[in-house]
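Predicted, not measured: the structure shown is a model, and the values here were computed from it. Only heavy atoms go into these numbers, but all of them, side chains included; no hydrogens, no water, no symmetry mates.
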Amino acid sequence: MYTVISATHRPGSNTLKVARIYLQILQDQGIEAKLLSLEDLPHDFIFTDSFGKRTKRFQQIIDDYLLPASKFILIAPEYNGGMPGVFNAFLDAVQPDPFRGKKIAMVGVASGRGGNSRGMDYQSNCFHYLGVDVYFQFVALSLIQTMEDGRGGLGGEVLHQLLLKQALGFIAY
């Protein structure tokens, strides 16, 4: 099972839209996959689950999305040249064990020209430290607002082909 992680808690984000497209690509390839949106995290998890007071809701997220996954796809927006704080706090609260020894692919999302390349580089180092095998082919989606489909979503052949190419390589990895 694969888990696609939308690494922001921003409502209606382009990151979540990209994550849904990626999920569909995986499912079209016959891969069992789930989508974890950090919008669904308990609002107080930083003060409870980060320090050993595991809540039932947070444990359920770990049990449903992290433990059964053999591979992860991280879809992450650029926040201040890096990753969203909520994602880093999520990793701190989870601890390394559900990730260790597994594989991850990364997709960066940005309204600027970098496509969150710096954030993916940074997070790659963190995942290596946690014992996660990071797939070499990053996808950096720059100027994401230009990929809107006019109906509140994202679309276009270029976007689909970039994600499909990475997905096919990651499936074989």
Side-chain angles (χ1 to χ4, degrees), residues 1-41 57-78 83-84 86-87 90-91 94-110 115-117 119-121 123-124 126-128 130-144 146-173:
M1 197 269 287
Y2 290 25
T3 295
V4 178
I5 301 171
S6 174
T8 183
H9 60 305
R10 180 182 301 226
S13 71
N14 284 327
T15 301
L16 182 57
K17 293 171 187 175
V18 172
R20 287 184 176 133
I21 294 168
Y22 208 109
L23 178 70
Q24 187 62 56
I25 288 170
L26 291 172
Q27 291 172 339
D28 289 347
Q29 299 302 312
I31 301 295
E32 179 187 354
K34 292 182 179 182
L35 173 61
L36 171 59
S37 172
L38 296 192
E39 287 182 60
D40 298 330
L41 291 175
R57 175 68 186 124
F58 199 84
Q59 186 61 51
Q60 194 66 50
I61 289 169
I62 293 170
D63 292 345
D64 290 349
Y65 295 96
L66 305 182
L67 292 176
S70 60
K71 292 183 177 181
F72 301 98
I73 296 88
L74 178 65
I75 315 293
E78 180 178 329
M83 290 296 205
V86 70
F87 180 68
F90 173 70
L91 285 180
V94 168
Q95 303 295 313
D97 289 341
F99 292 100
R100 188 172 282 122
K102 297 181 181 181
K103 297 176 180 180
I104 192 163
M106 291 191 244
V107 175
V109 177
N116 197 17
S117 293
M120 289 186 289
D121 285 341
Q123 202 63 57
S124 178
C126 294
F127 279 120
H128 282 137
L130 296 175
V132 179
D133 188 0
V134 178
Y135 185 56
F136 69 93
Q137 183 185 11
F138 294 170
V139 173
L141 299 175
S142 304
L143 304 170
I144 194 68
T146 66
M147 298 180 188
E148 292 177 357
D149 66 5
R151 298 182 310 257
L154 296 175
E157 191 60 25
V158 171
L159 174 64
H160 189 269
Q161 287 303 313
L162 286 168
L163 298 177
L164 178 63
K165 180 179 178 185
Q166 184 196 50
L168 293 176
F170 190 53
I171 290 167
Y173 185 61

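Side-chain contact between L36 and F90 is present, with heavy atoms from C-beta onward closer than 4.5 Å. The shortest side-chain heavy-atom distance between V4 and L35 falls under the 4.5 Å cut-off. For the pair L164 and Q161, the minimum side-chain heavy-atom distance is below 4.5 Å. R57 has its side chain within reach of D40: a pair of non-hydrogen atoms, C-beta onward, lies under 4.5 Å apart. Taking 4.5 Å as the limit, some side-chain heavy atom of S124 sits within range of a side-chain heavy atom of M106.
Note that CD1 of I5 is 12.5 Å distant from OH of Y22, once rounded to the nearest 0.5 Å. Remark: M1 CE to L66 CG distance equals 8.5 Å, nearest 0.5 Å. To the nearest 0.5 Å, the span separating CG on D64 from CD on Q59 amounts to 9.5 Å. If you take CG on L23 and CD1 on I31, they are separated by 11.5 Å, rounding to the nearest 0.5 Å. Separation of atoms CG (L163) and CD1 (I75) is listed at 6.5 Å; rounding is to 0.5 Å. Taken from CD1 in I73 to NZ in K103, the straight-line distance is 12.0 Å, to the nearest 0.5 Å.
Taking a 6.0 Å sphere around CD of Q137, one finds it holds more than 12 heavy atoms contributed by other residues, nucleotides or ligands.
Closest of all the heavy-atom pairs between K102 and L67 is NZ-O, 3.1 Å. Residues I171 and K71 approach most closely at O-NZ, 3.2 Å, considering heavy atoms. When all heavy atoms of A7 and T15 are compared, the closest pair comes out as N-CG2, 4.1 Å. Among all heavy-atom pairs drawn from K17 and G12, the shortest one is CE-O, 4.0 Å. Shortest non-hydrogen contact noted between H9 and V86 is ND1-CG1, 3.2 Å. Shortest non-hydrogen contact noted between E78 and A110 is OE1-CB, 3.8 Å.
The side chain to side chain contact (heavy atoms under 4.5 Å, CB included) test with L162 is passed by exactly one of L141, V107, V18: L141. Checked against F72 for a ring-ring contact (aromatic ring centres under 6.0 Å, His included), the options F87, F99, Y2 give a single hit: F99.
The side-chain hydrogen bond (donor to acceptor under 3.5 Å, both in side chains) search around Q24 returns D28, not counting sequence neighbours.
Side chain to side chain, Y135 and Q166 fail the donor-acceptor criterion of an N or O pair below 3.5 Å.
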Q: Apply side-chain contact (heavy atoms from CB on, under 4.5 Å) to the pair H160 and I25, showing each step before the final yes or no.
A: CA-CA 8 Å; H160 189 269; I25 288 170; 3.7 Å; yes
Q.
Please evaluate residues Q123 and L91 with respect to the criterion side-chain contact (heavy atoms from CB on, under 4.5 Å), reporting the C-alpha separation (whole Å), side-chain torsions for both, the decisive distance (0.1 Å), and the verdict.
A. CA-CA 11 Å; Q123 202 63 57; L91 285 180; 3.3 Å; yes
Q.
For L38 and T8: C-alpha separation, side-chain torsions, deciding distance, then whether side-chain contact (heavy atoms from CB on, under 4.5 Å) applies.
A. CA-CA 5 Å; L38 296 192; T8 183; over 6 Å; no
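Side chain of K34 to main chain of A69: no donor-acceptor pair is present (N/O by atom type, distance under 3.5 Å, no hydrogens or angles). Judged purely by atom type and a 3.5 angstrom limit, N116 uses its side chain to pair as donor or acceptor with the backbone of P77.
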